[in-house]
A.B. asks: 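After the structure tokens below, expect a handful of questions from me.
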Amino acid sequence: MNPETTPERLEQFLSLLLHTEVKILHNRGIKTKLEAWLTLFCTDEPREILQLIQTYPEFKLIYEQVYDLCRNVEGVMKMFSKELQILDRNTVQLMIDEMQQTIDRQKLKIQEYERRQTEERHRYEEQLTSLTQRLAQLEQRQT
């Protein structure tokens with residue numbers, strides 16, 4: 001990534017563009033629906049909001065809803081609280097699932113290790129039996 005195009009720099013650039021555009025709209029007025037949306041998102045000046053609502057009355061309902069949300073901080077906090085609860089629950093479930101996958105992988109590794117140990121033990125037992133028999137044969141020959 002080019003060091004000049006970091007997210008912070010892009011955010012600053014976008015902010016400057018929006019600020020400039022709002023200043024232009026402030027001087028010449030809102031003439032298109034796109035400019036109305038831009039004003040909706042970029043201004044908190046009562047005079048500009050009033051001009052927007054007078055030019056585009058359909059934006060009044062949006063501003064009323066935003067205003068109500070701002071006044072009802074408790075309601076907004078409950079909404080975020082519920083969302084955070086869901087996120088927390090989902091995060092916990094994800095962590096449990098990841099832990100279960102880790103446990104399952106470890107169980108498979110342990111089972112494979114135990115299988116190899118059992119095979120090796122059988123091999124050693126067979127070798128021991130073979131060597132014991134050979135030793136017994138050698139002892140018989142010497143006597």
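Heavy-atom basis, side chains included; hydrogens, waters and symmetry copies ignored.
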A.B. asks: If I take atom CD from residue Glu119 and atom CZ from residue Arg121, how far apart are they, to the nearest 0.5 angstrom?
C.D. replies: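 Glu119 atom CD to Arg121 atom CZ measures 11.0 Å (nearest 0.5 Å).
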A.B. asks: Quick one about Thr118 and Arg115 (side-chain donor to acceptor, distance below 3.5 Å, no hydrogens or angles considered), yes or no?
C.D. replies: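 There is no such pair between these side chains.
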A.B. asks: Over all heavy atoms of both residues, which pair between Ile53 and Lys60 is shortest? Give the atoms and the distance, please.
C.D. replies: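 Minimum heavy-atom contact is CG2-CB, 3.8 Å.
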A.B. asks: Is the closest basic N to carboxylate O distance between Arg116 and Glu112 below 4.0 Å?
C.D. replies: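 So Arg116 pairs with Glu112 through a salt bridge.
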A.B. asks: If you measure from CG on Asp104 to CG on Leu108, what distance do you get to the nearest 0.5 Å?
C.D. replies: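 Here the rounded value is 7.0 Å.
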A.B. asks: Do Ile49 and Phe41 belong to the same hydrophobic cluster, where Ile, Leu, Val, Met, Phe, Trp and Tyr are linked whenever their side-chain heavy atoms lie under 4.5 Å apart, directly or via other members?
C.D. replies: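 Cluster IDs for Ile49 and Phe41 match.
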A.B. asks: Between Phe59 and Tyr56, how do the two ring planes meet: parallel, tilted or perpendicular, split at 30° and 60°?
C.D. replies: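 Rings of Phe59 and Tyr56: perpendicular, as their planes differ by over 60°.
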A.B. asks: For the atom pair CZ (Arg89) and CD1 (Ile86), what is the distance rounded to the nearest 0.5 Å?
C.D. replies: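 So the gap between those two atoms works out to 6.0 Å.
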A.B. asks: Yes or no on side chain to side chain contact (heavy atoms under 4.5 Å, CB included) for Lys33 and Glu58, after CA distance, side-chain angles and deciding distance?
C.D. replies: CA-CA 11 Å; Lys33 191 85 160 200; Glu58 63 266 27; 2.3 Å; yes
A.B. asks: Counting heavy atoms not belonging to Tyr63, are there more than 12 under 6.0 Å from its OH?
C.D. replies: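 Yes.
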A.B. asks: Carefully, step by step, assess Glu114 and Ile110 under the rule side chain to side chain contact (heavy atoms under 4.5 Å, CB included).
C.D. replies: CA-CA 6 Å; Glu114 288 174 344; Ile110 290 170; 3.7 Å; yes
A.B. asks: About how many Å separate CG of Asp44 and OG1 of Thr39, when rounded to the nearest 0.5 Å?
C.D. replies: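 Atom-to-atom, Thr39:OG1 and Asp44:CG are 12.0 Å apart.
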A.B. asks: Without swapping roles, check the side chain of Thr129 against the backbone of Glu125 for a donor-acceptor pair under 3.5 Å.
C.D. replies: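 A pair under 3.5 Å: yes.
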A.B. asks: Indicate whether any N or O donor in one side chain lies under 3.5 Å from an N or O acceptor in the other, for Gln101 and Asp97.
C.D. replies: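 Absent: no donor and acceptor within the cut-off.
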A.B. asks: Calculate, to the nearest 0.5 Å, the distance between atoms CE and CD belonging to Met99 and Gln106 respectively.
C.D. replies: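 Rounded to the nearest 0.5 Å, the CE-CD separation comes out at 10.5 Å.
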A.B. asks: Going from CG on Asn90 to CE on Met95, what distance comes out if it is rounded to the nearest 0.5 angstrom?
C.D. replies: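 So the CG of Asn90 and the CE of Met95 are separated by 13.0 Å.
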A.B. asks: For the side-chain contact (heavy atoms from CB on, under 4.5 Å) test, which of Thr43, Leu40, Leu38 pairs with Leu52?
C.D. replies: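 Going through Thr43, Leu40, Leu38 one by one, the side-chain contact (heavy atoms from CB on, under 4.5 Å) with Leu52 is satisfied by Leu40 alone.
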A.B. asks: Would you sort out whether Ile103 and Gln100 count as a side chain to side chain contact (heavy atoms under 4.5 Å, CB included), showing the intermediate values?
C.D. replies: CA-CA 5 Å; Ile103 290 168; Gln100 186 61 50; 4.2 Å; yes
